[in-house]
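This is a predicted model, so every value here is computed, not measured.
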Amino acid sequence: MDTYSILREFADSWFLLAMFSFFVGTILWLCLPAQKKGSKDASGIPFRDTQDTETTDPKGTQHG
């Protein structure tokens, strides 16, 4: 057997199984109740540095 055939057989069987197991494990890990705080914190990242848009004009100066 040449090297290509050996690597192809490995990739088609064991590596595919390993990648699928990693995928399923990651999904299960993300769904654990202990991960709720971290995922809730990560979902608020885009809104951390926002300012009150009602009191700020487009130039960025504060009013009132």
Do Val24 and Ile27 share a hydrophobic cluster, counting only Ile, Leu, Val, Met, Phe, Trp and Tyr and linking them when any side-chain heavy atoms are less than 4.5 Å apart?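 Yes, it is one cluster - the side chains of Val24 and Ile27 are joined through contacts under 4.5 Å.
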I'd like to know if Leu16 and Phe23 are part of one continuous hydrophobic network [Ile/Leu/Val/Met/Phe/Trp/Tyr, side-chain heavy atoms within less than 4.5 Å].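 Different clusters: Phe23 never reaches Leu16 through Ile, Leu, Val, Met, Phe, Trp or Tyr contacts under 4.5 Å.
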Are there over 12 heavy-atom neighbours, none belonging to Glu9, within less than 6.0 Å of that residue's CD?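 12 or below, so no.
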Nearest atoms (heavy-atom pairs only) where Ser43 meets Pro46: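 Nearest heavy atoms, Ser43 then Pro46: O-CD, 3.7 Å.
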Of all the heavy-atom pairs spanning Asp41 and Arg48, show the shortest one and how long it is.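 Closest heavy-atom pair between Asp41 and Arg48: OD1-NH2, 2.7 Å.
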Tell me every residue that passes side chain to side chain donor-acceptor pair (under 3.5 Å) with Ser21, counting only those two or more places apart in sequence or in another chain.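 For Ser21, no residue satisfies side chain to side chain donor-acceptor pair (under 3.5 Å) once neighbours in sequence are set aside.
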Can you tell me how far apart CG (Leu17) and CG (Asp12) are? Round to the nearest 0.5 Å.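 Result: 12.5 Å between the selected atoms.
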